[in-house]
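Scope of the values below: all heavy atoms of this structure, side chains included, with no hydrogens, waters or symmetry mates. Proteins come first, then strands; the chains are lettered A, B, ... in the order of their sequence lines, and each starts at number 1.
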Protein chains: 2
Amino acid sequence: MRISSKGEYGLRALLDLAQRVGEGPIQSHDIHLRQGIDENYLNQILILLRRAGLIESIRGPQGGHRLARPPSQITVLDALRALEGPLLTFDSGRDAPTPTDPMDRDLVREVWDGAREMLERYLASITLEDLCQRKAQRSGAMMYYI
Amino acid sequence: MRISSKGEYGLRALLDLAQRVGEGPIQSHDIHLRQGIDENYLNQILILLRRAGLIESIRGPQGGHRLARPPSQITVLDALRALEGPLLTFDSGRDAPTPTDPMDRDLVREVWDGAREMLERYLASITLEDLCQRKAQRSGAMMYYI
DNA sequence: GCATAGTCGAGTGATCCGGTTAAGTATCTT
DNA sequence: AAGATACTTAACCGGATCACTCGACTATGC
């Protein structure tokens, strides 16, 4: 059970935008340079984020991308849902061989429903603003050493 | 991000064994009949559980499988780790394009470390015994309707 | 020693992931 | 209007994984 790199890249792109709110549209090329994400792949990820309504894209020269909402209104869960689809799904669409004792299956699924609920609550509690603040605190602390 | 059916099947097999502790070795064929899991696939899953030390297997006629520890000593986390490998991993083994700003990546990974830790704590808190009790309570409640 | 029953590994078609390529479309500057 | 810029979309690709399947092997009890 792994988290795809799409989730990581997309979240980092959002974080990159969140740190530059108010600077006008940010070009995907700049994100690529700062974050080291393949530019073509990054473009695909940005499309997912736009379709999910998390960012807005402006075409043409001087175009780019910006957050559609303030960083405090975008959670990590929003990002992951846009990028990876539903979290912790089981393959409900299997042929379902109608076991003699269907109760065990329900039991197992309840465990996972609980896990998913807990995970979603956690991810929904973290906003882009939180992460930016966390980062600012650290680079602030580093300033003392300069 | 999905949970493979291997995790579900394996946990159901363990649950099947847990409900028959003390009845001697349970054959994979019987588990297959009760749980509706493909017998060959189930055998592969049982091998994983055996290698992880969760069950013991007895060969020959009248052979079968049994839990290696009492149900109270086996958690859902034990099962999932045996069946699916580490939970919520990110692909750390990628080429890592050394971004200009490596901090964002660290930030994202901390979020996931937190998610994993929380998930593992939850899954480790549920034992096979817990699930058996939960099931017994429900079938007990149903008895009133007969 | 032979049938029974569990063990193991290789193979398979489908699907997905990470990434690439190439064409298309919208917008700004000149 | 022309052309450069920059985002959009679809198609494609090799490799990995998933859910199984198959066939051979090996240990055990009668």
NA contact type, A:I58, heavy-atom cut-off 4.0 Å: base, sugar-phosphate, or nothing? sugar-phosphate

Using a 4.0 Å heavy-atom cut-off across all strands, classify A:H29 as base, sugar-phosphate, or nothing. nothing

Looking at side-chain heavy atoms only, is the closest gap between A:R50 and A:E56 below 4.5 Å? no

Would you say the side chain of B:R134 lies within less than 4.5 Å of the side chain of A:E110, judging by non-hydrogen atoms?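 Answer yes - side chains close enough.
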
Candidates [options] - which lies nearest the side chain of [X]:
X: A:R59; options: D:dC20, D:dT8, C:dG19; answer: D:dT8
X: A:I47; options: C:dC8, C:dG19, D:dT8; answer: D:dT8
X: B:S5; options: D:dC7, D:dA19, D:dT28; answer: D:dA19
X: B:Y41; options: D:dG29, C:dC8, D:dT21; answer: D:dT21
X: B:R50; options: C:dC8, D:dA19, D:dT8; answer: C:dC8
X: A:S57; options: C:dT27, D:dC7, C:dT4; answer: D:dC7
X: A:S4; options: C:dG18, D:dC18, D:dA10; answer: C:dG18

Report the residue (B:E84 or B:N40) whose heavy-atom-nearest nucleotide on DNA chain D is the more 5′ of the two.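 Here B:E84 is the residue nearer the 5' end.
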
Side-chain donor/acceptor of A:R81 to backbone N/O of A:G85, under 3.5 Å: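 Not confirmed, A:R81 side chain does not pair with A:G85 backbone.
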
Do the side chain of A:Q44 and the base of C:dT20 come within less than 3.5 angstrom through a donor-acceptor pair of N or O atoms?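 When only heavy-atom distances are counted, A:Q44 does reach the base of C:dT20 through a donor-acceptor pair under 3.5 Å.
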
Between [atom2] of [N] and [atom1] of [X], the distance in whole Å:
X: B:K6; N: C:dT15; atom1: NZ; atom2: C1'; result: 15 Å
X: B:N43; N: C:dG9; atom1: CG; atom2: P; result: 14 Å
X: A:Q62; N: D:dC7; atom1: CD; atom2: P; result: 11 Å
X: A:I26; N: D:dC7; atom1: CD1; atom2: P; result: 11 Å
X: A:I3; N: C:dG18; atom1: CD1; atom2: C1'; result: 16 Å
X: B:Y9; N: D:dC18; atom1: OH; atom2: C1'; result: 11 Å
X: A:L48; N: D:dA10; atom1: CG; atom2: P; result: 12 Å
X: B:I45; N: D:dC20; atom1: CD1; atom2: C1'; result: 10 Å

Ionic contact status for B:D106 with A:R138, cut-off 4.0 Å: no

Starting at [atom1] of [X], measure out to [atom2] of [Y] and round the result to the nearest 0.5 Å.
X: B:I55; Y: B:I26; atom1: CD1; atom2: CD1; answer: 11.5 Å
X: A:L46; Y: A:L17; atom1: CG; atom2: CG; answer: 7.5 Å
X: B:D130; Y: B:S125; atom1: CG; atom2: OG; answer: 7.5 Å

Donor-acceptor pair between A:Q44 and A:K6 side chains, under 3.5 angstrom: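 Note: A:Q44 and A:K6 side chains miss the donor-acceptor criterion.
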
So, OP1 or OP2 of C:dT7: does either fall under 4.0 Å of a side-chain N or O from B:H65? yes

Below the 4.0 Å mark, does D:dA6 have OP1 or OP2 next to a side-chain nitrogen or oxygen of A:Q27? yes

Could you pick out which residue, A:E39 or B:E56, lies toward the 5' side of DNA chain C when each is mapped onto its nearest nucleotide? B:E56

For DNA chain C, what string of dots and brackets results from 5' to 3' when Watson-Crick and G-U pairs need both distances under 3.5 Å, crossing pairs get [ ], and pairs with another strand get |? ||||||||||||||||||||||||||||||

